[in-house]
Amino acid sequence: TLRPENINGTLVISVSLSGTVLSTSVGEATHFLPLTTHRFFNELMSITIKTPQEIEKMRIAGRLTGEVLDYITPFVRAGVTTNELDQLCHDLIVNVQHGIPAPLDYAPGGHRPYPKSICTSINHQVCHGVPSDKALKNGDIVNLDITVIKDGYHGDSSRMFFVGEPSIQARRLCDVTWQALWRGIRAVKPGGYLGDIGHAIQSFVEPLGYSVVREYCGHGIGRKFHEEPQVLHYGRTNTGLRLEAGMTFTIEPMINAGKADIKKLGDGWTVVTKDHSLSAQYEHTILVTGTGFEVLTLSDGCPPPPEN
């Protein structure tokens with residue numbers, strides 16, 4: 001059995017084999033292990049290396065996910081409710097793409113089933129905002145998080161949208177978050193480490209006065225919505241699990257304009273900043289290739305990658 005723990009900011013994995021418990025610090029120690037040991041450890045954590053056939057299915061799921069975000073873009077405007085956006089996305093996924101919206105009725109351990117097909121997080125909402133009959137208003141920023149299941153495989157992506165004209169502060173936060181996502185993506189390569197991704201994000205945003213949410217992170221993805229490994233958006237280079245070609249996971253930094261502290265609302269899902277500061281998030285599903293990375297959720301309407 002595996003037991004992950006957060007000890008003083010370091011992810012520690014305890015492995016129980018025939019009654020013997022072995023512990024290794026993912027954040028500090030595994031970069032000293034030989035590649036064969038990394039592969040053994042990855043297997044222990046149930047990290048799946050996708051076959052070429054599985055990768056092709058994930059490309060399809062990723063493309064469909066990006067197309068949903070493209071489709072919904074012109075509907076994000078003042079006066080529309082997030083319930084209406086949810087219904088539009090649901091109808092496209094089910095009736096046109098013949099897929100399944102993964103969030104609908106999703107119920108991980110300890111959670112009530114998620115009641116909608118997408119997540120809509122507005123202004124100070126960090127993630128997992130539940131669509132409602134509240135209308136968007138001019139100046140809002142909103143994250144739409146879409147996950148499509150197609151032929152048993154998941155594509156997961158989210159994007160920030162401006163409702164009318166946002167404040168200068170809001171626009172800058174979203175721009176920094178978009179750049180942070182791509183700094184994390186560009187740190188992905190076979191033989192690299194998960195810590196490289198987190199370091200690339202954290203070392204970029206914090207000197208600019210922003211904070212990184214630590215309680216939520218990226219994740220492995222494939223047949224399951226959430227697989228190993230956890231992909232932290234903070235960390236140190238050359239630490240954590242070693243990346244291998246065929247791994248698929250999300251990178252989805254949640255960046256706050258104020259402090260990193262968050263809280264969950266009474267609906268059991270919506271997460272907000274404690275200080276009511278604005279929060280932004282972008283997300284892509286990533287494949288580790290033999291030479292670097294491939295972004296599986298790119299689409300025609302996706303904002304272009306930053307130059308740096």
Side-chain angles (χ1 to χ4, degrees), residues 1-2 4 11 13 15 17 24 26 30-31 33-69 93-94 97-104 106 108 145-158 181-182 184-198 217-232 240-252 283-300 302 305:
T1 58
L2 299 178
L11 180 63
I13 304 295
V15 184
L17 297 174
T24 185
V26 173
T30 59
H31 63 292
L33 300 175
L35 181 57
T36 54
T37 306
H38 275 280
R39 287 174 177 163
F40 172 69
F41 193 72
N42 289 350
E43 290 173 3
L44 283 177
M45 291 190 70
S46 300
I47 296 174
T48 60
I49 303 300
K50 306 304 189 293
T51 67
Q53 293 78 15
E54 290 176 311
I55 289 170
E56 187 55 37
K57 289 184 177 181
M58 292 204 64
R59 286 191 179 107
I60 293 170
R63 175 177 55 79
L64 294 176
T65 299
E67 288 177 357
V68 176
L69 285 164
I93 294 168
V94 173
Q97 296 180 337
H98 304 294
I100 300 170
L104 185 60
Y106 181 66
D145 195 343
I146 309 293
T147 308
V148 174
I149 307 172
K150 182 69 174 179
D151 294 332
Y153 286 83
H154 293 71
D156 193 1
S157 184
S158 81
L181 167 66
W182 275 94
I185 291 172
R186 287 167 173 158
V188 173
K189 62 182 179 181
Y193 298 87
L194 283 179
D196 300 343
I197 299 170
C217 59
H219 53 88
I221 188 169
R223 280 191 171 274
K224 295 180 180 179
F225 194 169
H226 295 92
E227 301 179 351
E228 294 292 349
Q230 295 186 34
V231 182
L232 305 183
L241 296 180
R242 185 174 288 179
L243 303 179
E244 293 184 45
M247 287 181 175
T248 53
F249 49 78
T250 69
I251 302 176
E252 46 184 297
E283 175 184 13
H284 272 311
T285 298
I286 309 300
L287 165 70
V288 184
T289 69
T291 57
F293 64 85
E294 179 181 340
V295 181
L296 300 178
T297 42
L298 286 178
S299 60
D300 291 341
C302 191

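As the structure is a prediction and not an experimental result, all values here were calculated from the model.
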Could you work out, with salt bridge (charged side-chain N to carboxylate O under 4.0 Å, His left out) as the rule, every residue matching R59, not counting sequence neighbours? E56, E294

Excluding sequence neighbours, so at least two apart, what forms salt bridge (charged side-chain N to carboxylate O under 4.0 Å, His left out) with E227? K50

Where do [X] and [Y] come nearest, in terms of heavy atoms and distance?
X	Y	answer
S299	G66	OG-O, 3.4 Å
L194	Q230	CD1-O, 3.5 Å
A245	I49	O-CG2, 3.4 Å
D196	A187	O-CB, 3.7 Å
P190	G290	CG-O, 3.3 Å
T147	H154	CG2-CD2, 4.0 Å

Counting C-beta onward and ignoring hydrogens, is there a side-chain heavy-atom pair between [X] and [Y] closer than 4.5 Å?
X	Y	value
P101	V94	yes
I149	F225	no
L287	M58	no
V295	I286	yes
L241	Y193	no
E283	L181	no
V188	I251	yes
P305	R186	yes

Which distance, rounded to the nearest 0.5 Å, do you find between the [atom1] of [X] and the [atom2] of [Y]?
X	Y	atom1	atom2	result
I93	I100	CD1	CD1	10.5 Å
D145	D156	CG	CG	5.5 Å
T250	I221	OG1	CD1	6.5 Å
I55	T248	CD1	OG1	8.0 Å

Working note: K150 + H98, criterion side-chain contact (heavy atoms from CB on, under 4.5 Å); need CA distance, chi angles, decisive distance, verdict. CA-CA 8 Å; K150 182 69 174 179; H98 304 294; 3.7 Å; yes

Stepwise, does the side-chain contact (heavy atoms from CB on, under 4.5 Å) test hold for V288 with F249? CA-CA 9 Å; V288 184; F249 49 78; 3.6 Å; yes

Donor-acceptor pair, T65 side chain versus G155 backbone, under 3.5 Å? yes

Is it true that a side-chain atom of E252 and a backbone atom of S157 form a donor plus acceptor pair closer than 3.5 Å? no

Applying side-chain contact (heavy atoms from CB on, under 4.5 Å), run through L69 and C302 and close with a yes or a no. CA-CA 8 Å; L69 285 164; C302 191; over 6 Å; no

Determine whether the side chains of T297 and H284 contain a donor N or O and an acceptor N or O closer than 3.5 Å. yes

Quick check, are the ring centers of Y106 and H226 under 6.0 angstrom apart? yes

Could you check K189 against F293 for side-chain contact (heavy atoms from CB on, under 4.5 Å), going step by step and ending with a plain yes or no? CA-CA 6 Å; K189 62 182 179 181; F293 64 85; over 6 Å; no

